[in-house]
Enquirer: 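Attaching a single structure in structure tokens format; questions to follow.
In each ligand, atom 1 is the first atom listed, and ligand 1 is the first ligand listed.
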Amino acid sequence: MNAAPPFSIHALELGPMENFVYLIRDRASGRAAVVDPAWEVPRILDLAREQGVCITDILLTHSHHDHVNGIREVLEASDARMHLLRTEAQFWGRHLDLPTLHHGGDVIELGDTPIEILHTPGHTPGSACYRVGDRLITGDTLFVFGCGRCDLPGGDPERMFDTLRRIAEHFPRETVIHPGHNYADTPTSSLAEQLEGNPFLHFDNVRRFVDYRMHYHDRHRDTPYRPVPAGREMP
Ligand SMILES: [Fe+2]
């Protein structure tokens with residue numbers, strides 16, 4: 001028998017870059033965590049109100065402007081604690097008021113819902129994914145049929161290759177991916193579908209991966225990203 005999970009995840013697509021902001025709601029305690037608050041904070045606060053929850057935590061996948069520009073407004077409306085990886089805080093270099101800094105593998109307790117923070121470098125040095133039950137909130141690490149850029153400051157395609165490998169090997173195939181941007185025709189996908197059709201998960205050679213990520217991909221593919229059969233990434 002499948003018991004209902006102790007949490008639910010709600011997505012809002014906000015801003016000019018099709019960012020996904022997530023609200024993780026713990027049913028028993030009425031607590032909620034906002035992942036990457038940005039763009040239209042009143043809509044995030046309205047969603048929390050509709051769901052009858054109190055925002056107690058802010059989780060950051062990384063520090064890029066399009067994922068963090070609503071933090072101040074959420075903090076003005078709540079007493080939320082902010083969480084990010086220590087590595088990302090150091091990379092960001094911004095003065096933050098009393099954030100909770102984590103290492104990969106730490107678990108944040110949102111009422112009855114444990115949330116595991118994973119260190120997934122590549123897009124930025126301290127990028128994080130959050131595992132909640134059988135869901136994985138992936139920020140700009142893994143998109144549906146895509147992955148985050150590695151050519152911005154702090155980006156590293158070799159580390160992205162390792163990160164994506166670890167995700168592919170570590171998580172069950174039925175894991176549901178919740179990405180940081182709506183760049184495909186569907187907002188979520190299973191890891192099984194991604195292993196099949198996400199070109200970035202098809203490489204077993206780091207040099208070819210780096211070549212594809214840094215020189216080939218952006219010139220040959222556009223959003224919405226669609227599946228690419230294995231072996232058809234590059235000529
Ligand atoms: Fe980003």
Enquirer: Under 4.5 Å side-chain heavy-atom separation, chaining through any Ile, Leu, Val, Met, Phe, Trp or Tyr, what else clusters with Met214? Say none if it is isolated.
Expert: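 Hydrophobic cluster check, Met214: joined to Leu118, Leu136, Leu142, Met160, Phe161, Leu164, Ile167, Phe171, Ile177, Leu191, Leu195, Phe200, Leu201, Phe203, Val206, Phe209, Val210, Tyr212, Tyr216, Met234.
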
Enquirer: Under 2.8 Å from the Fe ion (ligand 1), how many protein N/O/S atoms can be counted?
Expert: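 Counting protein N, O and S atoms closer than 2.8 Å to the Fe ion (ligand 1) gives 4.
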
Enquirer: Classify the side-chain pair His83/Asp106 by whether it contains a donor and acceptor separated by less than 3.5 Å.
Expert: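 Note: His83 and Asp106 side chains miss the donor-acceptor criterion.
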
Enquirer: Could you tell me whether the side chains of His217 and Arg221 share a donor-acceptor contact shorter than 3.5 Å?
Expert: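 Result is yes, a qualifying pair exists.
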
Enquirer: Please name all residues satisfying side chain to side chain donor-acceptor pair (under 3.5 Å) with Thr87, sequence neighbours left out, ordered by chain then number.
Expert: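 Scan of Thr87 (side chain to side chain donor-acceptor pair (under 3.5 Å), adjacent residues dropped) gives none.
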
Enquirer: Tell me who clusters with Phe91, hydrophobic residues only, linked when side chains sit under 4.5 Å apart either directly or through other members.
Expert: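 Phe91 shares its hydrophobic cluster with no other residue.
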
Enquirer: How about His64 and Asp140: does a side-chain donor come under 3.5 Å of a side-chain acceptor?
Expert: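 Note: His64 and Asp140 side chains miss the donor-acceptor criterion.
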
